[in-house]
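Here is the structure we will look at.
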4 protein chains.
Amino acid sequence: MIDEHVSGSDARPDRRRELVAAAFRRIASDGFEGLRTRDVAADVGVNIATLHYYFPTKEALIRGVIGYAMQRFSQTLPGEGTPIVQLRGHLYRLLQLLKEDQQLWTVLGELVLRAPRDEELGRIFRQSDGVWHSKLKGLIDRCVQNGALQPMLDSDGLAGLMIVAIKGLSLPTMAGFGPEVADQVFEQFGYLLGLPPDQFLTT
Amino acid sequence: MIDEHVSGSDARPDRRRELVAAAFRRIASDGFEGLRTRDVAADVGVNIATLHYYFPTKEALIRGVIGYAMQRFSQTLPGEGTPIVQLRGHLYRLLQLLKEDQQLWTVLGELVLRAPRDEELGRIFRQSDGVWHSKLKGLIDRCVQNGALQPMLDSDGLAGLMIVAIKGLSLPTMAGFGPEVADQVFEQFGYLLGLPPDQFLTT
Amino acid sequence: MIDEHVSGSDARPDRRRELVAAAFRRIASDGFEGLRTRDVAADVGVNIATLHYYFPTKEALIRGVIGYAMQRFSQTLPGEGTPIVQLRGHLYRLLQLLKEDQQLWTVLGELVLRAPRDEELGRIFRQSDGVWHSKLKGLIDRCVQNGALQPMLDSDGLAGLMIVAIKGLSLPTMAGFGPEVADQVFEQFGYLLGLPPDQFLTT
Amino acid sequence: MIDEHVSGSDARPDRRRELVAAAFRRIASDGFEGLRTRDVAADVGVNIATLHYYFPTKEALIRGVIGYAMQRFSQTLPGEGTPIVQLRGHLYRLLQLLKEDQQLWTVLGELVLRAPRDEELGRIFRQSDGVWHSKLKGLIDRCVQNGALQPMLDSDGLAGLMIVAIKGLSLPTMAGFGPEVADQVFEQFGYLLGLPPDQFLTT
DNA sequence: AATGAATGAGAGTTCATTCAT
DNA sequence: AATGAATGAACTCTCATTCAT
């Protein structure tokens, strides 16, 4: 029987995690421009000094948020199964995330804009985008060899377009663009891949 | 007695422009997060109080930058000519701007992320995206009626994808994504529109 | 007739000087340990931000105090006249300063203790002590050649002793040691130099 | 199961001593200005809360350091033997301490400067200086009565000068003043006492 | 005897803004 | 039209201290 903390309500599962989550939410709503350590601490209900107990500097807290956001994004990357199953699963998970977790995309947007001024962040994005692109291209190639997709596809250009379009979708305030734009765009991906809508992105 | 004021109106009507341009550059390099009125004033070579003479608040200065950026973007919108010429011209100008003026796209990115927190800016983007989308869709439709483009195109979805992809392209630090990614993506637009590369985006 | 500032009460001769003087007083009474920029600003009657307008950092303010203290000390160094007149004048001025301006000596004490941790300050003291020592020794030597002082004096050791004793005198809280200790010590200098009290340190 | 507690009383009776010694070292190197309880605890390798277990406040810890420093200084005070032997022994021990334990003198310097703001410390110094002065004067007087020293000495002034000079010697950063200055100054003491160098300060 | 976690009170510093000139 | 000087409010970060365990 595992008993981490005896008293139910006093349990503080992880202050670090709470603080990162609060900072994440603040960045999503106010941007880096409006990120204040005091607000983050207040959101968690602790003193500002407690925040500094866990994260010596604001920068360290931001690193925590970066790790959190990138890790959540990484979970959409292709997993197991045949190439076409992986590809569809990946796109499906992305579409879900895009529609359900606006916050994550907002934070990723903030991070992308920050990257040029943040050497380490730049490295992270370069690596992550590189992995994403080559996985996508590799999947398309294998699907073509497979016969699961039509030949004649420019897998390189297609992967680039898809990534770029998804990044664009993540940006807020498209002309009253609600979630339906995401559906439309993913439908276009289907056309480009030569997959009829009824075979595409249906669980 | 020295007369500093050469002409009545002081012959410096473009202080405002200079200040906006300097703020624009600062936002491009440091983001809103790093925008300091003192830096802007220093870049132009005037006192901070002088900046406030022209722009009573920092917000007012930012309004100036917004106007400047949106106007530059608007210049890429379709102009004169037959539908297919307008479409190709629009895309060509966008591609040029994308490759030549990274600063503008960075600032637009910052503005987009700011929009959810800035009612007015949100309105501006919603309107501007709406205009963009309907012009693009209208052009495609007319090209199809024209016979300049293949029928069977989902002009609505296509316009959406193009806008979204261009927005995505504007974000910095794609995995070592240099200007060639933009070319690749626009090439994919050609495929989607059914235009062979040699007819597309050649001046 | 010189008229620096027309309006009498509004005249602020020099905010920098006022701030340095206030910091000097605070160091004299509370030590570096108790130096607070807010207190300094309050003493002058200005906002804390005003202090930073003149001195970008606390360190810069401290530099100002160092310059002020060293300059006041330097004014006691030997000036004009025959060697014996210079020597007596120098010692006389030191004795006066020692008895009249306890603050200066306290601050000098704080500075001396700070020197090992402050490269620049260390340099300043090494130079200043070097100048002091060689001037003193030079004067004694010339007095001896002059016949104004007895031969057989170890001018080097004597100069060292005098400097060291004066530094010691500058430290606070000698056993109820009031100003009379300073008189006693300077009297001993007289004996060492072979000068009868009635010829020594009388204006 | 490992049993950390070897003996009942935990065999660590000198935690206090360790903490005081660490605080002493910190004051010697960084001054009171730079004394941080956390650093002291870390130097000893214990938690900050453990420090507060032994010393409820920072002030209490400082009291410990004061006691430690004053006690070490007291050990140089005159002990047993004929007056002239006591005098020479005292001065000899002082000279040794001056040359060997720079840390002690630095800490004493810090304490002296603190005395005006610390009632208790002021009392301690006043008493200690008083004892020192009267012992020194008493010894000189008895030596004179003894015939061990020349008559005609102003024992009061002489004792004052010696104390003051030793205090001055304890201050750091005399112009490249190394240990040799201490020798020079003590040699001057010999002249003042009428003791030829070969009889003075030789073990 | 010892600790990890938490905190209140402040420290130095920054910044948009104001105002007399 | 332009500025030097000044400020209030806020920010990140620090530190001695406390307390439950």
Side-chain angles (χ1 to χ4, degrees), chain A residues 5-7 10 12 15-16 34-41 44-61, chain B residues 4-13 15-16 34-41 44-61, chain C residues 6-7 10 12 15-16 34-41 44-61, chain D residues 4-5 7-13 15-16 34-41 44-61:
Chain A
H5 280 267
V6 181
S7 52
D10 196 325
R12 33 193 100 91
R15 274 281 132 98
R16 292 184 74 87
L35 180 63
R36 300 289 175 260
T37 52
R38 269 191 156 73
D39 294 339
V40 173
V44 174
V46 299
N47 187 282
I48 175 68
T50 301
L51 184 150
H52 278 94
Y53 178 76
Y54 290 96
F55 298 94
T57 64
K58 189 183 183 183
E59 260 310 297
L61 177 61
Chain B
E4 285 187 28
H5 296 258
V6 179
S7 74
S9 65
D10 210 335
R12 211 171 288 290
R15 269 281 134 94
R16 290 182 69 87
L35 180 64
R36 301 286 172 265
T37 52
R38 275 195 145 75
D39 293 340
V40 173
V44 173
V46 301
N47 188 282
I48 174 66
T50 301
L51 183 148
H52 275 90
Y53 176 76
Y54 290 99
F55 297 94
T57 66
K58 189 183 185 182
E59 261 310 297
L61 178 62
Chain C
V6 180
S7 51
D10 197 326
R12 31 193 102 90
R15 273 284 131 98
R16 293 183 73 86
L35 180 63
R36 301 287 174 263
T37 52
R38 275 187 156 78
D39 294 338
V40 173
V44 174
V46 299
N47 186 281
I48 175 68
T50 301
L51 185 149
H52 277 92
Y53 178 75
Y54 289 97
F55 298 94
T57 64
K58 189 184 185 182
E59 260 310 295
L61 178 62
Chain D
E4 285 186 28
H5 295 257
S7 73
S9 66
D10 211 333
R12 211 169 288 288
R15 269 282 135 93
R16 289 183 70 87
L35 180 63
R36 301 286 174 264
T37 52
R38 274 194 148 74
D39 294 340
V40 173
V44 174
V46 300
N47 187 282
I48 174 67
T50 301
L51 183 149
H52 275 90
Y53 176 77
Y54 289 98
F55 298 94
T57 67
K58 189 185 186 181
E59 261 310 295
L61 177 61

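First the proteins, then the strands, lettered A, B, ... as listed; each starts at 1.
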Legend entry - Contact nearer the 5' end of DNA chain E, comparing Lys58(B) with Gly45(D): Gly45(D)
Nearest whole Å is fine: how far is [N] [atom2] from [X] [atom1]?
X        : N       : atom1 : atom2 : answer
His52(A) : dT14(F) : NE2   : P     : 7 Å
Ile48(A) : dA5(E)  : CD1   : C1'   : 16 Å
Glu59(D) : dC15(F) : CD    : P     : 17 Å
Arg38(D) : dA5(E)  : CZ    : C1'   : 10 Å
Leu35(B) : dC15(E) : CG    : P     : 11 Å
Phe55(C) : dA6(F)  : CZ    : P     : 12 Å
Tyr53(A) : dA5(E)  : OH    : C1'   : 5 Å
Tyr54(C) : dT7(F)  : OH    : P     : 9 Å

Legend entry - Positive for side-chain contact (heavy atoms from CB on, under 4.5 Å) with Lys58(A), one of Leu51(A), Thr37(A), Val40(A): Thr37(A)
Can you figure out which of [options] approaches the side chain of [X] most closely?
X        : options                   : result
Ala49(A) : dT3(F), dA16(E), dC15(F)  : dC15(F)
Arg36(D) : dA16(F), dC13(F), dC11(F) : dA16(F)
Val46(D) : dT3(E), dA2(F), dT7(E)    : dT3(E)

Tell me the closest heavy-atom pair linking [X] and [Y], and the distance in Å.
X        : Y        : answer
Val44(C) : Arg15(C) : CG1-NE, 4.2 Å
Gly34(D) : Asp39(D) : O-OD2, 4.5 Å
Phe55(B) : Arg16(B) : CE2-NH2, 3.4 Å

Legend entry - Assigned partner base of dA10(F), Watson-Crick or wobble definition, under 3.5 Å: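 When the pairing criteria are applied, dT13(E) turns out to be the nucleotide that pairs with dA10(F).
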Inset, instruction - Please determine, for dG4(F), whether a Watson-Crick or G-U wobble partner exists with both distances under 3.5 Å, and give it or none. - result: dC19(E)
Legend entry - Between CG on residue Asn47(C) and CZ on residue Arg38(C), distance to nearest 0.5 Å: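 Between Asn47(C) CG and Arg38(C) CZ, I get 8.5 Å after rounding to 0.5 Å.
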Inset, instruction - Check whether any side-chain nitrogen or oxygen of Arg15(B) sits under 4.0 Å from OP1 or OP2 of dA2(F), and answer yes or no. - result: yes
Inset, instruction - Report yes if at least one side-chain N or O of Asn47(A) is closer than 4.0 Å to OP1 or OP2 of dG8(E); otherwise report no. - result: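 So the side-chain polar atoms of Asn47(A) do come within 4.0 Å of the phosphate oxygens OP1 or OP2 of dG8(E), strictly under.
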Inset, instruction - For Thr50(D), report the nucleic acid contact type (base, sugar-phosphate, nothing); a contact means any heavy atom under 4.0 Å. - result: base
Inset, instruction - Under 4.0 Å between any heavy atoms, over every strand shown, what does Leu51(B) touch: base, sugar-phosphate, or nothing? Just pick one. - result: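 No contact at all - Leu51(B) keeps every heavy atom at 4.0 Å or more from the nucleic acid.
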